[in-house]
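Encoded as C-alpha cells, the structure appears first; notes follow it.
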Amino acid sequence: MIPKKPPDPRLAFDPEELGLSEPGRVFYRRGTVAVARSLVGAYLARRHRGRWYGARIVETEAYLGARDRAAHSWGGRRTPRVEPMYSDGGHLYVFLVYGMHHCANVVTRREGVPEAVLLRAAEGPEGAPRLAAGPGKLCSALGITTRDNGLDLLADAIRIFLPGRRTHRRLGVTPRIGIDYAGAARDWPLRFYDKDSTSVSSHLRHGDIRSRRE
DNA sequence: CACATGATCGCCT
DNA sequence: GGCGATCATGTGG
C-alpha cells in the first residue's frame, strides 16, 4: 500500500503527559461558533506508527452552512466534495485549494446540517517555529491530505484533545480571511485566534484587520 | 512593510 | 473555462 505522508517529527507529543482529554460527540454537535471558540487552545493530533504527533490550535474560522456565502455548502450545495460537511459533528472535512494546499475542517452540528470549523493555524513546541502557521502549513506539518477526508475524530487516527480547565487563553475575533467574494458574510466576525500566539497565519500577524472598503 | 505574482488542479457552471 | 477557505518569493518604498 502507499504510505501516508508522515507528520513532522518535531510535532511528537504525549497527550497523557499534558493532561489532555478527548471530547465526546456532543462537543462537536454544538453551535459552530461555540465549537470554533473552544478549539482555540485545543490540540489537533495524529497517531502515526504507534506515536502521537500534535499541535496546539491557535486560529480557527466558523463556516455557517447554507446561509453563509463563504461556505462551500452555501445555498445548500451538496456535491461530492462538500459531502463530509453534511456528516455528523466530529468528522474531518479536508479539501484542496489552489491546486496544492490542503485545508482541514472539523465538522459541527448534526448529520444533514453542513457547518464546519476551518483550522487555520497551530503551534508546535519551541524548535518548530511557525511550522503550522496557516491552514495549508498546518496540514502539511501533520501530513493531512484528502486521504484523511471524512475521518471520524472520535474513532480514527486523527483526533482532537482539549486542554485542562483553567488554561489561560486570550481570544481575539475578526472577520474571516480570503473570502472577499462572500458579500455581506465577508464582514461577519467568525475568525477566532489566540492573542498571545506568534503562530497565527501571516496576514494579520502584527495587529488588527486591514480596512475593508466596498 | 506593502503589495504583486506564480504555481497548480479539482470542482463547479 | 475560470477560479479559489494558500504560500513563498520578489519588487519597490
Side-chain angles (χ1 to χ4, degrees), chain A residues 5 8 28 32-33 35-37 39-40 44 55 57-87 89 91-109 113-124 128-151 158 172-194 197-213:
Chain A
K5 185 185 174 196
D8 189 299
Y28 299 103
T32 303
V33 168
V35 176
R37 298 173 64 103
L39 287 178
V40 174
L44 175 65
I57 298 164
V58 297
E59 181 181 351
T60 65
E61 283 176 356
Y63 284 84
L64 304 184
R67 66 187 186 279
D68 180 0
R69 202 162 188 134
H72 290 166
S73 52
W74 173 68
R77 288 216 299 287
R78 188 163 189 165
T79 63
R81 178 178 66 147
V82 195
E83 190 59 27
M85 283 191 76
Y86 286 82
S87 65
H91 287 80
L92 194 65
Y93 168 43
V94 183
F95 63 91
L96 184 68
V97 271
Y98 303 109
M100 62 194 87
H101 299 296
H102 294 278
C103 291
N105 299 254
V106 171
V107 175
T108 60
R109 309 294 301 275
V113 183
E115 304 191 14
V117 175
L118 170 66
L119 304 180
R120 276 197 64 88
E123 63 185 14
R130 298 182 61 71
L131 187 64
K137 297 179 72 176
L138 186 160
C139 284
S140 176
L142 280 168
I144 294 173
T145 67
T146 50
R147 150 194 304 261
D148 303 304
N149 194 23
L151 290 189
I158 294 181
V173 183
T174 72
R176 294 169 292 182
I177 303 298
I179 54 149
D180 282 352
Y181 56 84
R186 178 189 69 172
D187 300 314
W188 294 353
L190 296 178
R191 171 176 173 266
F192 307 96
Y193 64 98
D194 183 337
S197 174
T198 57
S199 293
V200 294
S201 59
S202 51
H203 299 259
L204 324 165
R205 187 138 46 90
H206 46 71
D208 49 1
I209 43 181
R210 68 178 95 189
S211 61
R212 292 165 181 259
R213 315 211 61 79

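Lettering follows sequence order; numbering is per chain, from 1. This one's a predicted model, so the numbers in the text were calculated from it and none came from an experiment.
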Expressed as a whole number of angstroms, how long is the span from [X]:[atom1] to [N]:[atom2]?
X	N	atom1	atom2	answer
L119(A)	dT6(C)	CG	C1'	15 Å
H72(A)	dT6(C)	NE2	C1'	12 Å
R186(A)	dG4(C)	CZ	P	14 Å
R120(A)	dC7(C)	CZ	C1'	11 Å
D180(A)	dT6(C)	CG	C1'	14 Å
I177(A)	dC7(C)	CD1	C1'	14 Å

Sequence neighbours excluded, the answer for salt bridge (charged side-chain N to carboxylate O under 4.0 Å, His left out) partners of D148(A) is none
Write down the protein N/O and nucleotide N/O pairs, taken from nucleotides 7-13 of chain B, whose separation is under 3.5 Å; answer none if there are no such pairs.
residue : atom : partner : partner atom : Å
dT8(B)  : O2   : Y98(A)  : O            : 2.4
dC12(B) : OP1  : T79(A)  : OG1          : 2.0

Going by side-chain hydrogen bond (donor to acceptor under 3.5 Å, both in side chains), name the residues that satisfy it together with [X], two or more places apart in sequence or in a different chain.
X	result
H101(A)	none
D68(A)	R176(A)
S140(A)	K5(A)
E123(A)	R56(A), S197(A)

Hits for side chain to side chain contact (heavy atoms under 4.5 Å, CB included) against A36(A), two or more places apart or cross-chain, chain-then-number order -> T60(A), A62(A), V117(A), F192(A)
key: Sub-4.5 Å side-chain heavy-atom contact between I179(A) and R191(A)   =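 No, every pair of side-chain atoms sits at 4.5 Å or beyond.
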Exercise. So do the side chains of V200(A) and D194(A) get within less than 4.5 Å of each other, counting heavy atoms only?
Worked result: no
For residues 74-81 of chain A, run the donor-acceptor check on the side chains, cut-off 3.5 Å, and write out each pair with its distance to 0.1 Å, sequence neighbours left out.
residue : atom : partner : partner atom : Å
R78(A)  : NE   : E83(A)  : OE1          : 3.1
R78(A)  : NE   : E83(A)  : OE2          : 3.4
R78(A)  : NH2  : E83(A)  : OE2          : 2.9

Residue set satisfying ring pair (Phe, Tyr, Trp, His ring centres under 6.0 Å) with Y86(A), at least two apart, ordered chain then number -> none
Within residues 132-143 of chain A, those residues having any heavy atom closer than 4.0 Å to DNA chain C are G134(A), P135(A), G136(A), K137(A)
Taking Watson-Crick and G-U wobble contacts under 3.5 angstrom, with | marking pairs to another strand and [ ] crossing pairs, the secondary structure of DNA chain B is written |||||||.||||.
Original post:
May F95(A) be described as stacking on the base of dA5(C), applying a 5.5 Å centroid limit and a 30° limit on plane angle?
Top reply: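 Stacking is absent between dA5(C) and F95(A), given that the ring centres and planes do not meet under 5.5 Å and under 30°.
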- How far does the C1' atom of dA8(C) sit from the matching atom of dG10(B), given to the nearest Å? 22 Å
Here the salt bridge (charged side-chain N to carboxylate O under 4.0 Å, His left out) pairs for residues 97-109 of chain A, sequence neighbours left out, are R109(A)-E115(A)
